[in-house]
Protein chains: 2
Amino acid sequence: MRDNSSQSPFNREQQYAAKRKAVIFAAGGAFRRRGYHNTSMVEIAKSLGLSKAALYYYVKSKVEILYECHVIVYGAMDVCVKSVKGQGDSGLEKLKLLYGEFASLLTRDGLALLADVDSLKGDFQAEVSARRGKIERAVTRLVKMGMADGSIKKADPKVTVFFLMGALNWMNVWYEADGRMSGEVIAAHFVDQMSAGIRA
Amino acid sequence: MRDNSSQSPFNREQQYAAKRKAVIFAAGGAFRRRGYHNTSMVEIAKSLGLSKAALYYYVKSKVEILYECHVIVYGAMDVCVKSVKGQGDSGLEKLKLLYGEFASLLTRDGLALLADVDSLKGDFQAEVSARRGKIERAVTRLVKMGMADGSIKKADPKVTVFFLMGALNWMNVWYEADGRMSGEVIAAHFVDQMSAGIRA
DNA sequence: AAATAATTTGACTTTATAGTCGAAAAATTT
DNA sequence: AAATTTTTCGACTATAAAGTCAAATTATTT
């Protein structure tokens, strides 16, 4: 009796988790491209070579998938926020680092800022809204810091941030991972255009 | 027998057209706030003090409403494109005028750039996509002009334009006409941040 | 005020798709 | 190779919301 409880391809839990993740990412990609309500469970299943019923072995409901998609992106964004903590000398420098991380994130790993927050219900929606608010506040904090230290032009911080987040959110609509430009090039472009737009 | 065929409140066609427009704008506002699929025909009807069935006296289908909403915004945007023709000395100046018009448009009259293009089918979708493409090309033309005449920093025009259009499209999510800031102030802010971001 | 036309409705049908379930099939353990 | 557990599926039900329609109501014309 070998103990292989932690070796990837023979570990039951890991297999299950990997398959569940594949379901969520396949669905997330479809949600990004065609929208949550324009994507049926049957389509998601077919894209994975499964029947619809098999999907329900890995997820409780369609809306749970949407929720997980949001959690994954905001989790990754939280990591970005932490990873730039302590770096950068001015508010603007800090913001450039963070914004670049965000842009890279959205051009890698099939991660996307989905728009369908209103399709979530009750607690799911409240939590996702809260997490989006948290990210927005982290960005706003850096913008305000920059305005205070003179690295960012003084203006209404809310509108400034909405402008920047809008550019990021819109990536879902046009960015395809297999496009001719690499994610890193686009991220660099975004950082340039963002920082030029707000620097003092 | 009076001929009142062209006087507003007693003209049948005008009454009908006004009510139809009210239906489309009420629906459009709801679509913007909660999304196309999260808004039912019953909700639209109730918001106007009507039954669902009465709605179908004014529109053929729900998707027709969505289509009309798109047509109205892109029609208004076409007007903007025309209205700035011949104005502005450089590519950047022209773009500032156009972008300002767009931003004003979206903070007035309940007009909004709806995201749900994928909920349209067949010809409807093709036409709306084409009109969006037309607007995007008009913006791209000005960006390229600015890059050629030296008023706009050289970079990939597509990514530049996507960045700018993203900021505009995201307004749907956060802008409420009754907010504390006037639409014109926001439009001016957007023009500033846009132009600073791309000027040479 | 009777007749005609425009508008609205309650109650109904249709449709798309989410979600369930018992059993089959495949993989794993003994 | 039998027993057990995991994974998958065909065929089903449930449900929400779009869309229809004949009839009632309201407005307008004669």
Using a strict threshold of under 4.0 Å (side-chain N to carboxylate O), is an ion pair present between B:Asp78 and B:Arg131? yes

Measure the distance from NZ on A:Lys121 to C1' on C:dA18 and round it to the nearest whole Å. 13 Å

Can A:Glu176 and A:Arg33 be counted as an ion pair, charged N to O under 4.0 angstrom? no

Heavy-atom nearest nucleotide on DNA chain D for A:Tyr16 versus B:Ser40: which residue maps closer to 5'? A:Tyr16

Measure the distance from CG on A:Leu48 to C1' on D:dT8 and round it to the nearest whole Å. 13 Å

Can you find an N or O donor on one side and an acceptor on the other, under 3.5 Å apart, linking the side chain of B:Lys52 with the base of D:dA17? no

Nearest whole Å is fine: how far is C:dT15 P from A:His37 NE2? 22 Å

Value in whole Å for how far the P atom of C:dA24 lies from CG of A:Leu50: 20 Å

Do B:Tyr16 and B:Tyr57 have ring centroids that are under 6.0 Å from one another? yes

Rounded interatomic separation in angstrom, taking OH from B:Tyr56 and C1' from D:dA17: 9 Å

Check for me, please, whether A:Tyr56 and A:Val42 land in the same ILVMFWY cluster - side-chain distances under 4.5 Å, paths through other members count. no

Closest of C:dT9, D:dA18, C:dA18 to the B:Met41 side chain is D:dA18

OH of B:Tyr57 versus C1' of D:dA22: gap in Å, rounded? 16 Å

Which nucleotide in the list D:dC9, D:dT7, C:dT9 gets nearest to the side chain of B:Ala54? C:dT9

C:dT8, OP1 or OP2 - any side-chain N/O from B:Tyr58 closer than 4.0 Å? yes

Toward the 5' end of DNA chain C, by each residue's nearest nucleotide, B:Ser51 or A:Tyr36: B:Ser51

Return the nearest nucleotide to the side chain of A:Lys19; candidates are D:dT7, C:dT8, D:dA18. D:dT7

Can you tell if the side chain of A:Leu114 reaches within under 4.5 Å of the side chain of A:Asn172, non-hydrogen atoms only? no

Please report the distance, rounded to the nearest Å, between NZ in B:Lys46 and P in C:dT9. 12 Å

Length of the CD-P vector between B:Glu13 and C:dT7, whole Å: 11 Å

